[in-house]
Amino acid sequence: MKGRVGTMLSVSSFRPPAVYPTLLHCPRLHHVNVSLFCSLSNGASSSCRSLGILRAIDRESEVPAQQLHHVQNQKLKIGIIGFGKFGQFLARTLVRQGHTVLAHSRSDYTHVALELGVTFFENPHDVCDERPEVILLCCSILSARHVLLTLPLQRLEPGTLFVDVLSVKEFPKKLLLDVLPSNLDILCSHPMFGPDSASCGWSGRRFMFDKVRIRNEERCNKFLDVFKRERCEMVEMSCEDHDKLSAKTQFITHTIGRVLGMLDLEKTRIYTKGLCFAFQELRKQLLKGVHVVVREHLFENPVTAKVQNLQDTASFHSDVSEYKSSLSSDYSYNNLKLKIAIVGFGNFGQFLAKTIVRQGHQVLAYSRSDYSTVAKELGVTYFRNADDLCAQHPEVILLCTSILSTEGVLKSFPWQKLERSTLFVDVLSVKEFHRNLFLQHLPLDFDVLCTHPMFGPQSAKDGWSGFLFVFDKVRIGTDEARTSRCDLFLNIFSSEGCQLVEMSCAEHDRQAVGSQFITHTVGRMLEKLDFLEPTKIDTIGFESLLNLMDNTVRDSFDLYNGLFLFNENSRQQLEEFHLAFESLQNQLLDHALDNLKQVLILEEESHD
């Protein structure tokens, strides 16, 4: 008995009746503090006292002896082989439900087992001598064959149920059928969750299973009841169908996760909420014609050159502050309503207009397309001519144009018809390039506020609260009227619960390339994989990827193209993404080759 470590220590002299979980779910006792039940496992005396308290609370909650006997008969003796992170994760719930749990692993987990109420054995022969009704294989995929071949199967009772929880199913199914005697039952399963995704419980999580070879249905159903009691969504599916579906879901999810892991991405202040062939196609689409057509046009007269000596920006604010505002003298921060003209009244312009109108501001709009009907429904005054819009002397011009069209809009806009010191605001996803456009095309009389709402019609359809709003006061006059007007505009977002983040345009673009551009890249890349669609065994990670893809492709490709063209950090990030994917491919192939070499060496040795 030398192999049994901690056997006596891990078995309490008192085992609480298996009825306690039933009492926990009794509606009449729902108000009882859960800590009361925790004391039931601290020894016979405290357990009896606690049980007495329960009986005093509600006599009707007592379970008849016949029912108690039935509940006790539902308990299993389960031997976990492979007591690493996932084995321990499952053991916690098995013990809590009252099952007897044994464990064996190559590493020594004696102390962890003791804390969990599990009996740990260093020797697999000793586990099998305990005659467990269920052998739960929680080893890795690569070690499964070796583990099975080293188990003393002859020591087990006929009809013992073997259950695996591996992430692939057809391979372990064939392995179990090949290695196990025909008198042992086989249940292949895959809990579609783990210690991280189900840290708060298993309710609603999917549990896939395939009754590969079952003679003792009662015992198999008892084991499945472990997951049913935790309110898992039970999915019966063949191992073959599981692997077909999981190749589209689980493998893609892990691939994306590992590629992103290689990029050393980290959470920034402005992160957004919410393959190989596909990546190459996407990369080609982005790079196509960039140098020949687009870059030549955009940079034939570089913006940085046109800004000329304005890089001496220290003079910006002094020049502006000397300008006497043409706003009426009675303008003050107490005048809580603004006249705001939205230029570019597409999807995003309409999205902002709804809230701005609701707050009581006067909203005007102009766009190349005719949105007069939509504007009327929203309570917005629509103009088909930009000159007519400017004749209304709005206090704020809110540019909601696309990234690619902004320069053209600024060049053709009749800004000379506006009141001097009008505040220009943009909401574009890249900032530094368009900041320079403002400084190039707008006279010094105009104020400039660059912003980026880190949300949109899909992600913030239920409200803006908690979302980030980045802004940079590029050029704001220092007199009270102009600073108050800027603050009043920002208050539109802060009053909705947005988290305001003041940040330079350059810093925004540096951080955004690691969050926004990568997010759109992954979403667009997934779109290239036509086979991706929801399945019955989706993991939480894969569901997140599907949501990411759906949210991303709702935006035009022009937006994504603009993120690439106008953020100088994007090209480097795209190349790093490509290198990370190639590195992951090589890592997978290297591991496969190493495993193949080991198999060939073993076969060669067996022939000698």
TODO: Sequence neighbours left out, what pairs pass ring-ring contact (aromatic ring centres under 6.0 Å, His included) with at least one residue falling in residues 380-405?
DONE: none
Open item on the list: By the definition side chain to side chain contact (heavy atoms under 4.5 Å, CB included), identify the one residue from V396, L338, I342 that meets it with V363.
Closed with: I342
- [ ] Decide yes or no on salt bridge (charged side-chain N to carboxylate O under 4.0 Å, His left out) for R435 and E432, but give the supporting numbers first.
- [x] CA-CA 5 Å; R435 166 189 177 275; E432 196 167 16; 5.7 Å; no
Task: Ring geometry between F446 and F424 (parallel below 30°, tilted from 30 to 60°, perpendicular above 60°) - done: perpendicular
Open item on the list: Looking at K339, I'd like to know if its NZ atom is crowded, meaning that more than 12 non-hydrogen atoms belonging to other residues, nucleotides or ligands lie closer than 6.0 Å.
Closed with: yes
TODO: I would like to know whether R485 and E480 meet salt bridge (charged side-chain N to carboxylate O under 4.0 Å, His left out); could you show each step before the answer?
DONE: CA-CA 8 Å; R485 179 182 57 194; E480 183 181 356; over 6 Å; no
TODO: Please assess K431 against D472 for the test salt bridge (charged side-chain N to carboxylate O under 4.0 Å, His left out), listing each intermediate value before the final yes or no.
DONE: CA-CA 9 Å; K431 302 268 48 96; D472 183 7; over 6 Å; no
Run the ring pair (Phe, Tyr, Trp, His ring centres under 6.0 Å) test against [X] and tell me which residues pass, sequence neighbours left out.
X    : answer
F455 : W464, F467
F345 : none
F348 : F351
F86  : F89

Can you check whether [X] reaches [Y] side chain to side chain, under 4.5 Å on heavy atoms?
X    : Y    : result
Q350 : Y371 : yes
L398 : V343 : no
S203 : E230 : no

Task: CA sep, side-chain torsions, deciding dist, call: F193, R206, side chain to side chain contact (heavy atoms under 4.5 Å, CB included) - done: CA-CA 7 Å; F193 52 89; R206 293 187 177 94; over 6 Å; no
TODO: For L399 and L410, run side chain to side chain contact (heavy atoms under 4.5 Å, CB included): C-alpha distance rounded to whole Å, both residues' side-chain angles, the deciding distance at 0.1 Å, then the answer.
DONE: CA-CA 9 Å; L399 282 174; L410 277 176; 4.0 Å; yes
With a 3.5 Å distance limit and no angle check, can you tell me whether [X] reaches the backbone of [Y] through a side-chain donor-acceptor pair?
X    : Y    : value
T422 : L418 : no
K169 : M237 : no
D243 : E170 : yes

At their closest point, which heavy atom of [X] faces which heavy atom of [Y], and how far apart are they?
X    : Y    : answer
T401 : G344 : CG2-CA, 4.3 Å
G379 : V357 : O-CG2, 4.1 Å
L336 : H361 : O-CE1, 3.3 Å
I492 : S495 : O-OG, 3.1 Å
L352 : C400 : CD1-SG, 3.9 Å
P394 : I397 : CG-CD1, 3.7 Å

What's the separation between atom [atom1] in [X] and atom [atom2] in [Y], rounded to the nearest 0.5 Å?
X    : Y    : atom1 : atom2 : answer
I356 : Q362 : CD1   : CD    : 12.5 Å
H190 : D210 : NE2   : CG    : 14.0 Å
L500 : C498 : CG    : SG    : 7.0 Å
F469 : Q499 : CZ    : CD    : 13.0 Å
I141 : F171 : CD1   : CZ    : 8.0 Å
F493 : E496 : CZ    : CD    : 9.0 Å

- [ ] Can you sort out the partners of E236 under salt bridge (Lys or Arg N to Asp or Glu O under 4.0 Å), two or more places apart, ordered by chain and number?
- [x] none
Task: R482 bridged to D487 by N-O distance under 4.0 Å - done: no
Task: NZ/NE/NH1/NH2 to OD/OE distance under 4.0 Å, K244 and E240 - done: no
Task: Worked verdict on H434 versus C450 for side chain to side chain contact (heavy atoms under 4.5 Å, CB included) - done: CA-CA 8 Å; H434 296 91; C450 287; 6.0 Å; no
Task: Trace of the side chain to side chain contact (heavy atoms under 4.5 Å, CB included) decision for V474 with L439 - done: CA-CA 9 Å; V474 176; L439 296 178; 4.0 Å; yes
